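Report on the structure given below.
Protein chains get the first letters and strands the later ones, always in sequence-line order, with residue 1 at the start of each. Quick caveat, the model's predicted, so the values are computed rather than measured.
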2 protein chains.
Amino acid sequence: MATMTDVARRAGVSVSTVSYVLTGTRPISEATRDRVLAAMAELDYQPNAMARGLASRKSNIVGLLLPLTGRGLGATETAFVTGATEAAREAGYHLMLCPVGAADSDELQSLATQRLLDGFLVMEVQLTDRRVELLQKLESPFVLIGRTEDGAGLACVDIDFEQTVDDAVAHLVELGHETIAYINHSPASLASGYGPAKRTEAAFQAALERHGITGVMVPTEDTATGGRAAIQRAREERPALTGVLVMNENAALGILAELREAGLDVPGDVSVVSMVTSEVVADLASPALTAMTSPGAALGAAATRVLLKRLAEDDGSTYQELLPCALEVRGTSGRAKKGKAARSARAERQ
Amino acid sequence: MATMTDVARRAGVSVSTVSYVLTGTRPISEATRDRVLAAMAELDYQPNAMARGLASRKSNIVGLLLPLTGRGLGATETAFVTGATEAAREAGYHLMLCPVGAADSDELQSLATQRLLDGFLVMEVQLTDRRVELLQKLESPFVLIGRTEDGAGLACVDIDFEQTVDDAVAHLVELGHETIAYINHSPASLASGYGPAKRTEAAFQAALERHGITGVMVPTEDTATGGRAAIQRAREERPALTGVLVMNENAALGILAELREAGLDVPGDVSVVSMVTSEVVADLASPALTAMTSPGAALGAAATRVLLKRLAEDDGSTYQELLPCALEVRGTSGRAKKGKAARSARAERQ
DNA sequence: ATGAAAGCGCTAACAT
DNA sequence: ATGTTAGCGCTTTCAT
């Protein structure tokens, strides 16, 4: 394993010269640079990452904090991870997976204090998240994926849930739907103050009022079974409903199955729009789900870029970037059946 | 940020003593150990990972090599990653995500030469994989997930595809199925010599012969659409078929939809067994998929443990660990309809 | 059982 | 434009 000293000797220069052609932090004459580069090539030289890190106080590694509990990652989270990894690599950085949830803050404490990582990407951010306070205290650069309750002064990148709900509702309204159900995350998520669940709930209510239509919100588990139960409840509460907005892609498939078995046609009788959905899962359904495609990879890349920018510029400014999910009309949304809706509405009134 | 020198001073000992209480590589009297530990606690001391790495020539980081191209990771791969990450953390190691496919070997070359990583986990191994040769040449410890053509002398952990196919076919045979289709990965995968595709193909043929039943193999894309096309072709070629084995979970959902639309009941008319499937996706289907559940997380953990063991013991021995997928009977498999199969079989003969 | 000191392979002043 | 050298914070001989 050749070291910098070997390269210097071979090129007939000092180690610092070699170091400077590597880092580019001071001018080197064309001639010597060439000699050094040649020597490196001949020796298959690669700088030792540890030595470089120790001397420069930077590792060129960023940590991705994510809770690794239970069911594992969904498609959106996975896309986020890969997006972040790619973006880091393109900038010459590495990405380390750190299984650190909102709970285990001593893990994070030691991680951050070890100086192994230059900064952190924080996934699955809770509305009040101890990791955030800790990182602030330790003065570790970080970027949130998601938002805390009080996002003031923090750098974060997130899905624009408000916009996404607005777009989804608008799509249904344009198709003539006047009674819409919103199948949200679980009651537990809502109770724990999970940001996406809370934000979409509020946005849904606001959208209903703005459009002057009626709706119902049913929280449920993020599974097909959860979706089945939720759509049943929603139809009991609002027999007139012709449109369904669903937060979770797993639940969305359950909803489709339940409607089919109830003898209802999608999108003939009921339209279903799935929020924050990956293309793979959308295409899994039959018909393929009309969905708000989550910008997973783009989010990951954006978060990484923001983090690297602050690392480079020592930029402490607040930075927010919100990416909406893009409406992708596939096979589960269509014009509302006026007749049926009216009939059911009449029945409901009695 | 307290350093080891600070701790030593505070505890009234030398730095080497502090180092030894940390590494435990030489006996320390109870009394001084306590003093050192106390000093560490008071100072919130955490060893500097870079310095430690430079001096000890080990980073306590393992790299996970995985191609990050295109569609992103499936549920099984994701489970693998999380399993590996968890296992590493439990052993005091970190895991770095390295987007390095079978193609980009210079990336790997420099990665391995930088001495940032103590060893490698190699995912998505091709039957002939340049990364393997390279790692061997560079004498970097590594463990494969999957197998190369000639696995002699290599440490690897993989799904036991042969056993999995055997179990799946046996399940169908027990239910009375006598004509079975195997929907494999894409023709391109087969052509490129992708291990799982080749192995399962061979195992399927062998199982057919052993049970004395007939079958047909149709390769197809790993999508719902691909599954639809494949089941159509399979039924054209073997109208009598009552059992379907499918390699890819996405295709499996397409198959269910296509059969339903063709007026066939699952599992009444046709049984479907999905191989190497994640529980989440299995539960997404209606009815839920009878499937061979892929041991994703277990594989990741096993691979990590094997790697860490060789790191610890400088163990160069060949090691193979094959984990079968476990049969999980859900809603898509049932007894074969003798009558219908016989009728179709007769029709076919004419 | 403990200490002193020589590196590990780099970076970044400080020189010239 | 280049060279000299003092660290970076640890591990690990070599002493005692």
Short side-chain N/O contact to [N] OP1/OP2 from [X], under 4.0 Å:
X     : N      : result
A:T32 : D:dT2  : yes
B:Y45 : D:dC10 : yes
B:S14 : C:dT2  : no
A:R57 : D:dG9  : yes
B:S16 : C:dG3  : no
A:S29 : D:dT2  : yes
A:R52 : C:dG9  : no

May I have the distance from [X] (atom [atom1]) to [N] (atom [atom2]), rounded to whole angstrom?
X     : N     : atom1 : atom2 : answer
A:M1  : C:dG7 : CE    : C1'   : 19 Å
A:L22 : D:dT2 : CG    : C1'   : 16 Å
B:N48 : C:dC8 : CG    : C1'   : 13 Å
A:D6  : C:dG9 : CG    : P     : 9 Å
B:D34 : C:dA1 : CG    : C1'   : 15 Å
A:R33 : D:dT2 : CZ    : C1'   : 13 Å
B:M4  : C:dG7 : CE    : P     : 19 Å
B:K58 : C:dG9 : NZ    : P     : 15 Å

### Message
For the CD atom on A:E313, are there more than 12 heavy atoms of other groups (residues, nucleotides or ligands in this structure) within a distance under 6.0 Å?
### Response
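Yes, CD of A:E313 has more than 12 neighbouring heavy atoms, counting only those of other groups under 6.0 Å.
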### Message
Between A:R147 and A:D158 (salt bridge meaning N to carboxylate O under 4.0 Å), is one present in this structure?
### Response
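Here A:R147 pairs with A:D158 in a salt bridge, since their nearest N and O are under 4.0 Å apart.
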Can you tell me which nucleotide in [options] comes closest to the side chain of [X]?
X     : options               : result
B:T3  : C:dC10, D:dC10, C:dT2 : D:dC10
A:A55 : D:dG9, D:dG7, C:dT2   : D:dG7
A:L54 : D:dC10, C:dG9, D:dA1  : C:dG9

#### Entry: Sugar-phosphate only, base, or nothing, as touched by A:T17 at under 4.0 Å among non-hydrogen atoms
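Sugar-phosphate, no base atom in range.
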### Task
Report which part of the nucleic acid B:V18 touches: base, sugar-phosphate, or nothing (heavy-atom distance under 4.0 Å, all strands).
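No contact at all - B:V18 keeps every heavy atom at 4.0 Å or more from the nucleic acid.
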### Task
Assign each of B:P27 and B:A51 to its nearest nucleotide of DNA chain C by heavy atoms, then name whichever residue's nucleotide is nearer the 5' end.
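Result of the comparison: B:P27.
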### Message
Can you see whether B:T17 engages B:S14 through a side-chain donor-acceptor pair at a distance of less than 3.5 angstrom?
### Response
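Note: B:T17 and B:S14 side chains meet the donor-acceptor criterion.
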### Task
Ignoring hydrogens and angles, answer whether the base of C:dA4 and the side-chain atoms of B:Y20 contain a donor-acceptor pair closer than 3.5 Å.
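Per atom types, no contact qualifies.
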### Task
Measure distances between side-chain N and O atoms of A:R26 and base N and O atoms of D:dT2, and say whether any donor-acceptor pair falls under 3.5 Å.
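When only heavy-atom distances are counted, A:R26 does reach the base of D:dT2 through a donor-acceptor pair under 3.5 Å.
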#### Entry: Atom pair CG (A:L138) and CZ (A:F120), whose distance is rounded to the nearest 0.5 Å
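The CZ atom of A:F120 is 8.5 Å from CG of A:L138, to the nearest 0.5 Å.
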### Query
Can B:E124 and B:E77 be said to form a side chain to side chain contact (heavy atoms under 4.5 Å, CB included), step by step?
CA-CA 9 Å; B:E124 309 266 309; B:E77 288 89 353; 3.4 Å; yes
### Task
Identify the two heavy atoms, one from A:A51 and one from B:L54, that lie closest to each other, and give their separation to 0.1 Å.
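Of all heavy-atom pairs spanning A:A51 and B:L54, the closest is CB-CD1, 3.7 Å.
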